[in-house]
2 protein chains.
Amino acid sequence: MTPPEMPAEHAILGLLSLDDGAGHGYDLARHFGEGQPLGGVLRLEPGMLYHHLKKLERAGWLTSTVEPQGSRPPRQVYRITDAGRGELSRWLREPVAHTREIRLEFLVKLYFARRFDPALAARLIAEQRETCERLKQSLASQLASLDAAEPEDGQTFSRLVLELRLAQTRAAIEWLDRAASS
Amino acid sequence: MTPPEMPAEHAILGLLSLDDGAGHGYDLARHFGEGQPLGGVLRLEPGMLYHHLKKLERAGWLTSTVEPQGSRPPRQVYRITDAGRGELSRWLREPVAHTREIRLEFLVKLYFARRFDPALAARLIAEQRETCERLKQSLASQLASLDAAEPEDGQTFSRLVLELRLAQTRAAIEWLDRAASS
DNA sequence: GGGATCATGTAACAGGTTACATGATTCA
DNA sequence: TGAATCATGTAACCTGTTACATGATCCC
């Protein structure tokens, strides 16, 4: 489970959890459109949304029932399970491992953490900051050992790569500090 | 062709172009391993590499011939075509559209631009800087219009999203400025 | 009557990841 | 004898994108 951790599926769990634990596809879809705060971070087309709902049900994190609507087409109503709530809160407590995941997955975590509980959001931000700080140290030491070795072909390029990562990580840390005080 | 532009395939074109225009899969694979400068940016498993080689041949950017080796297994030798060289140089002159693409695609472009011609690298960096600068202005104005509107629910979160993008874009610009002078 | 909205999907395709298959040869 | 290297791939699986299919109802 190290690589992606699927932010889309956790976002669905989060929305259902905020919304009394239940909802249907069409309703959830609105949150992932333009103009919506979540839509500014994570775009989800209807096709993928329905796909994720089925996957979450297979995983035991949702259950579904059909609700006839009379005139309207019947709704497939999904309800989050205890296992689903457990998975959601586990996910909300873990910072992301890589700087590149901050743009998408961390922002989604932050969105829900803030809505659930400001203290949870504060802890998440603090732990993400620590993770980034460790990464920064690691990158800095890699840079130092590059400088210590004798100059090789391609060494200038490798330094540029490390410097870019370092710059992005530093920017993330500064942003996290501002995020902590809002 | 707007979204990905497949850096892996252009990297293969670039390697062949540097290496007298021809090479075989196993040989190319070494450049994408650990310790190699390109491998620090773009990891390519053998399976995907051979897949890309066939795709590039279908596109007319490579041709292939079989070279028997006597004792060793025969090699499939790929040679870059004029169309392939054209595509490569087109790609090398275009900056990437989004900040998130700098980490992978722009770095690959930069790697080859530097090896082909320092002047090409300098132009690429300058154009990428302009693209980032335009992005920065756009983000800044989006932020300003958010602040001008009356406070809504979720507006704080949307501001955080924009501030993160702005911070990452600013960091990229500063890095590009350092890259220009090395 | 015609378009937007409600509501749920399927199909086709593109791309990536991991693991495995094959089989000879060179080297410790 | 056994591991690493040379050399090329296939298979299964997952994620994601785009477009389309269906059919009713509400509102102008």
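The shown structure was predicted, so the numbers you read here are calculated from the model rather than taken from an experiment. Lettering follows sequence order; numbering is per chain, from 1.
Using a cutoff of 4.0 Å between basic side-chain nitrogens and carboxylate oxygens, B:Asp27 and B:Arg75 are not scored as salt-bridged. Remark: B:Glu174 does not engage B:Arg170 in a salt bridge, criterion side-chain N to carboxylate O under 4.0 Å. Contact check on B:Glu133 versus B:Lys136 returns a salt bridge, with a Lys/Arg side-chain nitrogen under 4.0 Å from an Asp/Glu carboxylate oxygen.
Minimum heavy-atom separation, A:Thr156 to B:Ser182: CG2-O, 4.1 Å.
Between the CG atom of A:Leu44 and the P atom of C:dG9 there is a distance of 15 Å, rounded to whole Å. C:dA7 atom P lies 14 Å from atom CG of A:Leu53, rounded to whole Å. Here C:dT10 presents its P atom at 17 Å from CD of A:Glu45, a figure rounded to the nearest Å. The NE2-P distance, from B:His52 to D:dG9, rounds to 15 Å in whole Å. Summarising the geometry, the separation between CZ on A:Arg75 and P on C:dG9 is reported as 14 Å, rounded to the nearest angstrom. When rounded to the nearest whole Å, the span between CE of A:Met48 and P of C:dT8 equals 17 Å. Look at OH on A:Tyr78: it is 14 Å from P on C:dA7, rounded to the nearest Å. Between A:Arg30 atom CZ and C:dT5 atom P there is a gap of 11 Å when expressed in whole angstrom units.
Residues satisfying the ring-ring contact (aromatic ring centres under 6.0 Å, His included) criterion with A:Trp91, sequence neighbours excluded, are A:His10.
Between C:dC6 and A:His24, no contact under 4.0 Å exists linking OP1 or OP2 to a side-chain N or O. One finds no side-chain N or O of A:Tyr50 lying less than 4.0 angstrom from the OP1 or OP2 phosphate oxygen of C:dG9. Within the 4.0 Å cut-off from OP1 or OP2 of D:dC14, not a single side-chain nitrogen or oxygen of A:His51 is found. When the side-chain nitrogen and oxygen atoms of A:Tyr26 are compared with OP1 and OP2 of C:dT8, none of them lie within a distance under 4.0 Å. Put simply, A:Lys55 has no side-chain N or O that comes within less than 4.0 Å of OP1 or OP2 on D:dC14.
You'll find that the side chain of A:Gln76 is closest to C:dG9, out of C:dG9, D:dT10, D:dT8.
Contacts of A:Arg43 with the nucleic acid, taken as non-hydrogen atoms under 4.0 Å apart, are absent.
Nearest-nucleotide mapping onto DNA chain D: of A:Gly47 and A:Glu9, the residue sitting toward the 5' end is A:Glu9.
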